[in-house]
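We name chains A, B, ... by the order of the sequence lines, and we start the count at 1 in each one. Because the structure is a prediction, the values reported are computed rather than measured.
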Amino acid sequence: MTKHLHLHKNTKFLSLFHTNKSAIFTKASSFTTSTATPWNTHLRNLSKHGQYNEALILYRQMLQSGATPNAFTFPFALKSSASLSLPITGKQLHCHVIKLGCESEPFVQTALITMYCRCKLTEFAQKVFDEMPQRNLTVCYNALISGYVQNGNFLNGFLLFSEMRLRGVLFNAVTVLGLVPGCTVPRYLWLGMSLHCLKVKCGLVNDLAIANCLLTMYVRCASMELARKLFDHIPGKGLITWNAMISGYAQNGLAGEVLELYHEMELLQVNPDAVTFVGVLSACANLGAQKIGFEVEEKIRSSCMRWNVFLKNALINMYARCGNLAKARIIFDDMPEKSLVSWTAIIGGYGIHGLGNIAVELFDKMIETGIQPDGTVFVSVLNACSHAGLTERGLNYLDLMKREYGLKPCSEHYSCVVDLLGRAGRLEEARKLIELMEDEPDGAVWGALLGACKIHKNVELAELAFNKVVELEPTNVGYYVLLSNIYTEANNSEGILRVRLMMRERKLKKDPGYSYFECKGKTYLFVAGDRSHPQTKEIYKLLNRLEDTESEYGGANKNGQEVINHEPPNIIGVHSERLAIAFALLNTEIGADILVIKNLRICNDCHSFVKRVSKIVDRLFVVRDATRFHHFRNGTCSCNDYW
DNA sequence: TTAGGGTTAG
């Protein structure tokens, strides 16, 4: 790319843009004058208002009219080509700069450095920088430092910062702002923290932009406690500060904290914007809190806020994850321009709720419309295939992903495919697939195989998968429980004891599983064997009927007799999902639109229970696993009014 | 008249 960009000092002015086929010359202007000043004023106004195409058109007209650009002209023109990322135009502007002898003007030099960096040509930017007679300007260092960082070369940026300090060149808030985004990966967090200290030492404490930037750094490094500590100490928080914290919580799965902070924002009468709502909707999606999500939607509508694609995608995701696929679909279908994320959200929504056929149909339609898939949408579609038992289809997608789109499957893809093969009973193929993985398989991959071994009662392979998975995730209790259950089914008491001993040695204790059902704006939470709900008697009575009779909801047992025993035989072991389902059945109107939503983590027994119930009741309801939402754990078991 | 920076979705 850089080869044809060599400078030609003899470049004629009017050759500018001749090789550039962009549509920047479509507009004509009647503006003509032979002195540079009025052109510069006009250029400044266009550049200030972000009308970069127009600014470049004007620059060309300036040349055509015979006016000679000067040192004041170039920063505007260069900024325009930088903002539009037009390297050829930028390079030609550089030729003009040299031809007119403006290359030693610091303003022009800095604009050139910025232009090259924005066009991803840092080597050219460095060249401009190196050729500067005096490298003592803070702004030039700032431009190149942030250029390196923006182009992913954080170390060069930091080296330049060290050089700057060694040479005694003063740095300022913008220098720090240029560097901090490079520390958003955990391995550089310590450098970011040293910048945080530097900021305090150098009296940049009140610079809100730096604080926001540092906050984002902690968030991206998943250091949420440090992020919150900083957030609490920022005196005049701006909307960006609130948004950074809210989206930070959302990205790190702390949905409860998102809603708390949003609530606090409302109390303090800080006006949210689209970015805030995207974070809040994402939290609602994680919690399955459809009611709050709906309220947010209403608020957006009543605030006359302009809907952007981010907001729509967040809304689709929220409704889809909460099980309201009809609403998610209406919003999706209504979008004039759907992004890859819109497709991923709706495909993922159908996939996790067991409607794999619709998910793959949509995926194929997406490909037809010419949208280039990425790794994430493949995770959604593979996941959909595994939950709908579309084994061959899923395997084809894995192949398509590699062959047609050149995407390298990662561990997430492999765990979907292992799950896919596993559910189909093709355990040996699943094991071979893991062996063929280019990268080291992670816990999720071996965990998927272990799960499959549970379904197909393969103790030997389960032991292999378990040994691998506990090596990678020694504190994940779920895997120990899974193996213990496999041993239980195989009547292997020695195995059970071994697992229990291992858990005791490692001081691991299983957290109770929770399920919840949202009804009339309230969330009702259940743990296994829960008896604290006021309707416990009715719930168990109904459960007993459902377990005993596979024929009809609320009917009699196989012999046509009313079931007298209202207590299921294994009360302690009644899974939370079943309790939530029975509660849902008792508390929703017959005839309402009700559908069974199968949760990802629902156990195999409950899965068949749900299937059985769905055949009987022909209604729609949503029962979700709340185990991961620690927000719920603080409360007692049932009748939690969430908000 | 002119140069360098912060938050968003699957």
Enquirer: Who passes ring pair (Phe, Tyr, Trp, His ring centres under 6.0 Å) against His196(A), sequence neighbours left out?
Expert: Tyr218(A)
Enquirer: Got a sec? Which of residues 156-163 of chain A come in under 4.0 Å of DNA chain B, heavy atoms?
Expert: none
Enquirer: For Ala384(A), which residues count as a side-chain contact (heavy atoms from CB on, under 4.5 Å) partner, sequence neighbours excluded?
Expert: Ala359(A)
Enquirer: Enumerate the ring-ring contact (aromatic ring centres under 6.0 Å, His included) contacts for residues 235-258 of chain A, please, sequence neighbours excluded, ordered by first and then second residue.
Expert: Phe231(A)-Trp242(A)
Enquirer: For Thr369(A), check side-chain contact (heavy atoms from CB on, under 4.5 Å) against everything at least two apart and list the hits.
Expert: Trp343(A), Ile371(A)
Enquirer: Look at all strands and tell whether Asn172(A) reaches a base, only sugar-phosphate, or nothing, counting heavy atoms closer than 4.0 Å.
Expert: base
Enquirer: Measure from NE2 on His42(A) to P on dT2(B) and round the result to the nearest Å.
Expert: 16 Å
Enquirer: Measure from CG on Leu78(A) to P on dT2(B) and round the result to the nearest Å.
Expert: 15 Å
Enquirer: If the sugar-phosphate is the primed atoms plus P, OP1 and OP2 and the base is the rest, what is the B/S/- string for nucleotides 5-10 of chain B, using protein heavy atoms under 4.0 Å?
Expert: BBBBBB
Enquirer: Salt bridge or not for Arg228(A) and Glu257(A), using N-O below 4.0 Å?
Expert: no
Enquirer: Not counting sequence neighbours, which residues clear side-chain contact (heavy atoms from CB on, under 4.5 Å) with Ala326(A)? List them please.
Expert: Asn324(A)
Enquirer: Going by the ring-ring contact (aromatic ring centres under 6.0 Å, His included) test, which pairs reach into residues 294-317 of chain A, not counting sequence neighbours?
Expert: none
Enquirer: Can you tell me how far P of dT2(B) sits from CG of Leu137(A), to the nearest Å?
Expert: 16 Å
Enquirer: For Asn142(A), what residues pass the side-chain contact (heavy atoms from CB on, under 4.5 Å) criterion, not counting sequence neighbours?
Expert: Thr138(A), Met164(A), Asn172(A), Val174(A), Thr175(A)
